[in-house]
Amino acid sequence: NAGVTQTPKFQVLKTGQSMTLQCAQDMNHEYMSWYRQDPGMGLRLIHYSVGAGITDQGEVPNGYNVSRSTTEDFPLRLLSAAPSQTSVYFCATGQGPLEQYFGPGTRLTVT
Amino acid sequence: KQEVTQIPAALSVPEGENLVLNCSFTDSAIYNLQWFRQDPGKGLTSLLLIQSSQREQTSGRLNASLDKSSGRSTLYIAASQPGDSATYLCAVSPSSNTGKLIFGQGTTLQVKP
């Protein structure tokens, strides 16, 4: 039982490049979400999903896309990376509105 | 708009002290409140979850209380140890059907041997 896994752990991108951050869970949780953590800003919700095929925007969705084709996976796509997207990205899962479990994070730098 | 505030931002105590971390939120219409621990460069570890109908939860040396009407929660750590040094985050869930969390900015705790 791996829980919540995120890949890659570190990534450096150049402005304008695209990439996908992967999140996978093996707990059969309905709810999955993406947060970014920035100094002085705390954790902010980017996108979330309440089940396969259902996604919605969070507080800071601009520049990011998500899809949820399976229960297990919830990838986050950066369409055209910008320096403002330099951050640590966390994926979280939960069974309904109960306790949320976080992955180890992806540290992204955009130059 | 729901806002979550944690005071103090940083705290340094000698080993063995009992301490209290504070969390306040502006909208009392929450579904639950969760306390997390984050070690430097790591992810978040869930410590305690309090449902809106509950007043407190306990796990080992940790006790979390919730006063929804006043918009406050406290995390009490008994007999602190150097291994408790970390950032502690509180987060509220504003609804029962999304799993969304709104976070405070955290309290960074240092416990000195």
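The analysis underlying the following values was restricted to heavy atoms, covering all of them including side chains, and did not include hydrogens, waters or symmetry mates. Here is how names work: the chains are called A, B, and so on, in the same order as the sequence lines, proteins then strands, and each is numbered from 1.
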- Task: Check each atom of A/Arg44 against the heavy atoms of chain B and say whether the ones under 4.5 Å are side chain, backbone, both or neither.
- Result: neither
- Message: How long is the straight-line distance from CG of B/Leu44 back to CD of A/Gln100, given to the nearest 0.5 Å?
- Response: 11.5 Å
- Item | Under 4.5 Å from any heavy atom of chain B - which part of A/Glu59 | side chain
- Query: Just wondering, are more than 12 heavy atoms of other shown residues or ligands nearer than 6.0 Å to CZ in B/Arg55?
  - Reply: no
- Message: As an exercise: rank A/Gly40, A/Gly103, A/Gly58 by heavy-atom pairs under 4.5 Å with chain B and give me the winner.
- Response: A/Gly40
- Query: Relative to chain B, which segment of A/Glu30 carries a heavy atom at a distance below 4.5 Å: side chain, backbone, both, or neither?
  - Reply: neither
- Note on the structure: Honestly, the part of B/Lys100 sitting under 4.5 Å from a heavy atom of chain A is both
- Message: With clusters defined by side-chain heavy atoms of hydrophobic residues (ILVMFWY) lying less than 4.5 Å apart, directly or transitively, does B/Val92 cluster with B/Leu21?
- Response: yes
- Applying the 4.5 Å side-chain criterion to the ILVMFWY set and letting contacts propagate, would A/Leu76 and A/Tyr48 be lumped into a single cluster? no
- Task: Check each atom of B/Gln6 against the heavy atoms of chain A and say whether the ones under 4.5 Å are side chain, backbone, both or neither.
- Result: neither
- Task: List the steps, then state whether side-chain contact (heavy atoms from CB on, under 4.5 Å) holds for A/Phe90 with B/Gln38.
- Result: CA-CA 12 Å; A/Phe90 290 102; B/Gln38 186 177 29; 3.5 Å; yes
- Message: Check for me, please, whether B/Phe36 and B/Leu47 land in the same ILVMFWY cluster - side-chain distances under 4.5 Å, paths through other members count.
- Response: no
- Task: Following the transitive rule for hydrophobic clusters with a side-chain heavy-atom cut-off under 4.5 Å over Ile, Leu, Val, Met, Phe, Trp and Tyr, establish whether A/Phe74 and A/Val60 coincide in one cluster.
- Result: yes
- Query: Hey, does B/Gln105 have a side-chain heavy atom less than 4.5 Å from the side chain of A/Met41?
  - Reply: no
- Item | A/Met32 versus chain B, the contacting section by heavy-atom distance below 4.5 Å | neither
- Are B/Ile77 and B/Leu48 grouped together when hydrophobic residues (ILVMFWY) are joined by side-chain heavy atoms under 4.5 angstrom apart? yes
- Item | Backbone of B/Leu101 reached by a side-chain donor or acceptor of A/Tyr35 within 3.5 Å | yes
- Which bit of B/Ile102 comes within less than 4.5 Å of chain A, counting heavy atoms only: side chain, backbone, both or neither? neither
- Contact origin within A/Leu43 toward chain B - heavy atom pairs under 4.5 Å: both
